[in-house]
K.L.:
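If you scroll down you'll find the structure; I have some questions about it.
When reading the values below, keep in mind they use all heavy atoms of this one structure, side chains included, and skip hydrogens, waters and symmetry mates. Reminder, nothing fancy here: chain letters follow the sequence lines and each chain counts from 1.
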Number of protein chains: 4
Amino acid sequence: MPRTEWANQAIREQRQAQIRSVAARLFAHNGYVGTRIEDIAQAVSMSKGLLYHYFGSKAELYTTLVDRASRGTVQLFEDAMNRPGTAAERLRWLVTQIVEGLAEQPDMFMVVMQALVSDAVPSEAHDQAIRFAHRVQDLIRAFIREGQQTDEIIAGNREQLALLLGFCIQGLAVAHAIGGAVPPITEALIGLFTGRHGSSAT
Amino acid sequence: MPRTEWANQAIREQRQAQIRSVAARLFAHNGYVGTRIEDIAQAVSMSKGLLYHYFGSKAELYTTLVDRASRGTVQLFEDAMNRPGTAAERLRWLVTQIVEGLAEQPDMFMVVMQALVSDAVPSEAHDQAIRFAHRVQDLIRAFIREGQQTDEIIAGNREQLALLLGFCIQGLAVAHAIGGAVPPITEALIGLFTGRHGSSAT
Amino acid sequence: MPRTEWANQAIREQRQAQIRSVAARLFAHNGYVGTRIEDIAQAVSMSKGLLYHYFGSKAELYTTLVDRASRGTVQLFEDAMNRPGTAAERLRWLVTQIVEGLAEQPDMFMVVMQALVSDAVPSEAHDQAIRFAHRVQDLIRAFIREGQQTDEIIAGNREQLALLLGFCIQGLAVAHAIGGAVPPITEALIGLFTGRHGSSAT
Amino acid sequence: MPRTEWANQAIREQRQAQIRSVAARLFAHNGYVGTRIEDIAQAVSMSKGLLYHYFGSKAELYTTLVDRASRGTVQLFEDAMNRPGTAAERLRWLVTQIVEGLAEQPDMFMVVMQALVSDAVPSEAHDQAIRFAHRVQDLIRAFIREGQQTDEIIAGNREQLALLLGFCIQGLAVAHAIGGAVPPITEALIGLFTGRHGSSAT
DNA sequence: TATGAATGAGGATTCATTCAT
DNA sequence: AATGAATGAATCCTCATTCAT
């Protein structure tokens with residue numbers, strides 16, 4: 001009965017996506033160790049036992065999450081870098097994409113950050129997060145270099161500017177995860193690195 | 001005859017300081033839930049029992065840590081704001097102090113950040129961290145405003161610039177906590193917010 | 001397919017009853033603090049973990065026990081007081097019921113007594129036991145008064161006779177709990193308070 | 001320096017008596033397992049370490065307590081039995097002595113009762129308490145027999161009456177230990193077993 | 001004699017994971 | 001596919017006891 005099988009497969013993936021989404025929220029707020037399988041199961045209204053039909057273990061679920069989120073983010077950065085347009089335009093596109101992503105999934109990025117910082121996570125997730133951070137940093141550095149060559153990005157030590165730009169993006173993500181309303185900040189961020197500052201109106 | 005009162009007091013404070021220092025490192029890397037009392041005890045070469053002689057519970061130890069670190073950091077920001085000198089000088093002093101503090105105690109700040117972000121920490125610590133974040137953000141905003149009034153700080157929306165400056169400082173702390181060597185970044189940071197950028201030499 | 005709701009419910013109640021019964025025995029002999037959850041679990045042939053599936057904590061289990069036993073005993077006293085028949089008949093019924101109850105569950109009463117006497121038990125259990133003792137004492141006093149009005153109970157200060165009758169019933173329960181064979185004592189007890197003593201044959 | 005030694009010895013015994021008294025109170029209310037050495041030390045305003053100069057261990061302290069209290073009580077019963085006078089007079093003397101003893105040391109008896117009932121006490125204390133209970137029960141039985149032979153004690157099965165008299169005395173002790181004011185009950189108790197009841201005035 | 005720092009075994013509780021149904 | 005009963009290793013915390021001073 002191929003149709004049934006196909007339907008099953010569809011349901012399976014739908015369920016997995018749902019679990020990932022809910023798990024991301026819980027992991028982001030409670031950390032890997034602080035999140036219980038029971039919590040996740042309850043949040044998706046299914047039994048613990050059933051959860052294990054969809055994910056082999058807590059570690060696997062977490063690692064999958066980190067993997068997807070970090071791959072997705074790297075992809076986003078690569079797309080931004082490879083776009084046509086001025087540095088400011090590309091940076092605007094990137095930050096806009098990130099902010100939009102954070103608006104619908106404020107937790108994914110946070111999970112990656114925790115995996116990056118913490119030793120108390122599955123080592124695969126930790127390693128993946130570190131690779132992610134390096135890759136992103138490389139992309140940012142490349143972006144800065146290109147921007148400086150066309151005088152679109154302010155002068156200064158590339159390595160340092162890249163770090164600072166990374167900090168700003170990371171801070172943006174953390175601010176979204178904490179939960180309070182984050183004011184639109186994109187233009188200020190772009191201004192900071194392009195040297196074209198707006199007026200001081202509040 | 002018993003040890004003198006004074007000797008006991010000295011032992012107590014010495015031990016407590018030692019525990020705080022080690023605990024900060026472990027909490028920073030493993031989170032509140034992921035850090036075992038046993039780990040801390042071993043790292044200070046003392047038995048679990050003795051640790052409980054000095055701190056009533058894991059929660060109390062953690063909360064004490066967050067409390068001290070956040071109070072200290074707020075104090076640092078206040079001192080920086082109240083100094084004489086140009087905005088650039090004061091910002092330089094602040095960042096220098098922070099970087100130096102991070103050099104000796106790279107973990108304290110990280111603990112506060114986790115307490116800020118995570119729900120899986122003692123609620124007192126979480127609340128304290130939130131108060132801390134608001135206070136610091138207020139101080140940064142005030143600093144930005146003053147700097148803009150004397151044209152020492154770049155133009156732009158104060159609220160947004162304050163957030164971005166906060167992000168940079170926070171990113172600096174996270175970078176230190178992760179462990180890799182962090183290049184000196186102070187001047188680049190100052191340049192970003194004063195609009196006086198150096199040359200693009202790597 | 002999961003077990004039916006009904007089956008689960010049945011398992012739960014069966015297990016809980018089993019745990020209560022065994023726990024009563026251990027608590028009666030070792031006290032609240034002296035009884036280990038591990039002991040109870042082993043005595044019911046289940047893992048500690050499973051026990052916590054059925055009772056949230058040692059304190060909750062104990063309190064439940066005290067609650068049930070004291071409610072049941074008060075009910076027994078009320079039933080005895082509200083029966084038709086002479087004072088002697090009602091007292092006989094009560095003591096008979098108590099002795100029968102002690103024969104199947106010699107420990108329940110003892111648990112209530114410990115909760116009454118000890119400060120080292122959950123305060124809810126302690127309070128409940130104190131309320132229980134007062135209520136029972138009131139019922140006994142009322143019984144004595146009625147019996148004296150119809151000259152079925154010996155003359156004498158009601159308050160004092162009520163205490164003494166209470167002591168005798170309590171002593172009966174303690175004697176059963178200790179474990180040795182307790183000789184039938186009902187008629188002697190009734191004779192004591194009705195003034196109709198049998199012969200002195202051993 | 002014999003005088004110093006003698007003085008030391010006196011202090012030592014004084015301290016031990018103080019410790020016994022305080023420990024009795026705590027053991028009576030919290031049980032053997034529920035009472036911590038630290039609690040006792042604090043209650044006598046001395047350090048844990050010093051306490052161990054006076055008693056080798058918690059078990060030893062407890063056992064000593066049970067031993068002294070049970071020996072003393074048996075002695076009291078023997079004295080009562082061996083006195084001249086009618087059964088009523090001897091019973092009155094005994095109960096009076098017990099009530100007076102309970103007034104100044106309400107806890108000693110309770111400790112023996114717990115040692116009797118509980119398995120969670122040092123086995124020596126438990127055994128001693130059981131021997132005590134048997135001995136007292138024998139003495140009461142002998143008293144009843146003698147009293148019945150001279151028609152001073154009501155007729156009825158000796159064994160059963162002895163148990164009931166024991167229950168009453170035990171109940172008295174428990175009532176004192178619980179703490180509320182216990183009304184004078186001596187005469188009612190004597191009346192119960194001699195068959196000479198007072199009037200029913202409240 | 002006197003203190004309290006120090007130890008470590010023991011006990012309550014949690015939670016990832018498995019499994020019978 | 002679905003449930004939750006069942007397990008036990010892991011973790012927090014306590015406390016009797018010892019010992020340096």
K.L.:
Give the rounded distance in Å between these two atoms: CD of D:Glu60 and P of F:dT17.
P.N.:
10 Å
K.L.:
Once rounded to the nearest 0.5 Å, what's the spacing between atom NZ of B:Lys48 and atom CG of B:Asp39?
P.N.:
11.5 Å
K.L.:
Please check if the number of heavy atoms outside A:Gln18 that lie under 6.0 Å from its CD is greater than 12.
P.N.:
yes
K.L.:
Tell me whether the side-chain N/O atoms of C:Arg36 come closer than 4.0 Å to OP1 or OP2 in F:dT14.
P.N.:
no
K.L.:
Applying a 3.5 Å limit to both distances, which nucleotide forms a Watson-Crick or G-U wobble pair with E:dA9?
P.N.:
F:dT14
K.L.:
For the pair made of CD in C:Gln18 and P in F:dA5, what is the distance, rounded to whole Å?
P.N.:
14 Å
K.L.:
Out of curiosity, A:Tyr54 OH to A:Thr64 OG1, how far, rounded to the nearest 0.5 Å?
P.N.:
15.5 Å
K.L.:
Under a 3.5 Å threshold, yes or no: a donor from one side chain and an acceptor from the other, between B:Gln128 and B:Ser70?
P.N.:
yes
K.L.:
Taking only side-chain N and O atoms of B:Arg12, does any of them lie within less than 4.0 angstrom of OP1 or OP2 on E:dG4?
P.N.:
no
K.L.:
Rounded to whole Å, how long is the line connecting atom CG of D:Leu61 with atom P of F:dA16?
P.N.:
11 Å
K.L.:
Picking from F:dC12, E:dC15, E:dA2, which would you name as closest to the side chain of D:His53?
P.N.:
E:dA2
K.L.:
How close or far is atom C1' of E:dT3 from atom OH of D:Tyr54, stated in whole angstroms?
P.N.:
13 Å
K.L.:
When you measure from every atom of DNA chain E, which of residues 38-52 of chain B have a heavy atom less than 4.0 Å away?
P.N.:
B:Met46, B:Ser47, B:Lys48, B:Gly49, B:Leu50
K.L.:
To the nearest angstrom, how far is A:Gln14 atom CD from F:dA1 atom P?
P.N.:
14 Å
K.L.:
Between F:dA16, E:dT1, F:dT11, which one does the side chain of D:Lys58 approach most closely?
P.N.:
F:dA16
K.L.:
Grab the CZ-C1' distance between B:Arg15 and E:dA5 for me, whole Å please.
P.N.:
8 Å
K.L.:
Could you check whether A:Phe55 gets within reach of a base, just the sugar-phosphate, or nothing at all, counting any heavy atom under 4.0 Å?
P.N.:
nothing
K.L.:
Given atom CD1 of B:Ile37 and atom C1' of E:dT13, what is their separation to the nearest angstrom?
P.N.:
16 Å
K.L.:
Identify the nucleotide, in any strand shown, that forms a Watson-Crick or G-U wobble pair with E:dG4, with both distances under 3.5 Å; if there is none, say none.
P.N.:
F:dC19
K.L.:
On the 0 to 90° scale, with breaks at 30° and 60°, tag the A:Phe27-A:Tyr62 ring pair as parallel, tilted or perpendicular.
P.N.:
perpendicular
K.L.:
In whole Å, I'd like the distance from the CG atom of A:Asn30 to the P atom of E:dC15.
P.N.:
11 Å
K.L.:
Could you say whether A:Ala59 or C:Val33 is positioned toward the 5' end of DNA chain E, judged by the nucleotide with the nearest heavy atom to each?
P.N.:
C:Val33
K.L.:
Give, for atom CG of A:Asp107 and atom NE2 of A:His29, the distance between the pair rounded to the nearest 0.5 Å.
P.N.:
5.0 Å
K.L.:
Using the test side chain to side chain donor-acceptor pair (under 3.5 Å), find all partners of A:Asn30 that sit at least two apart in sequence or belong to another chain.
P.N.:
none
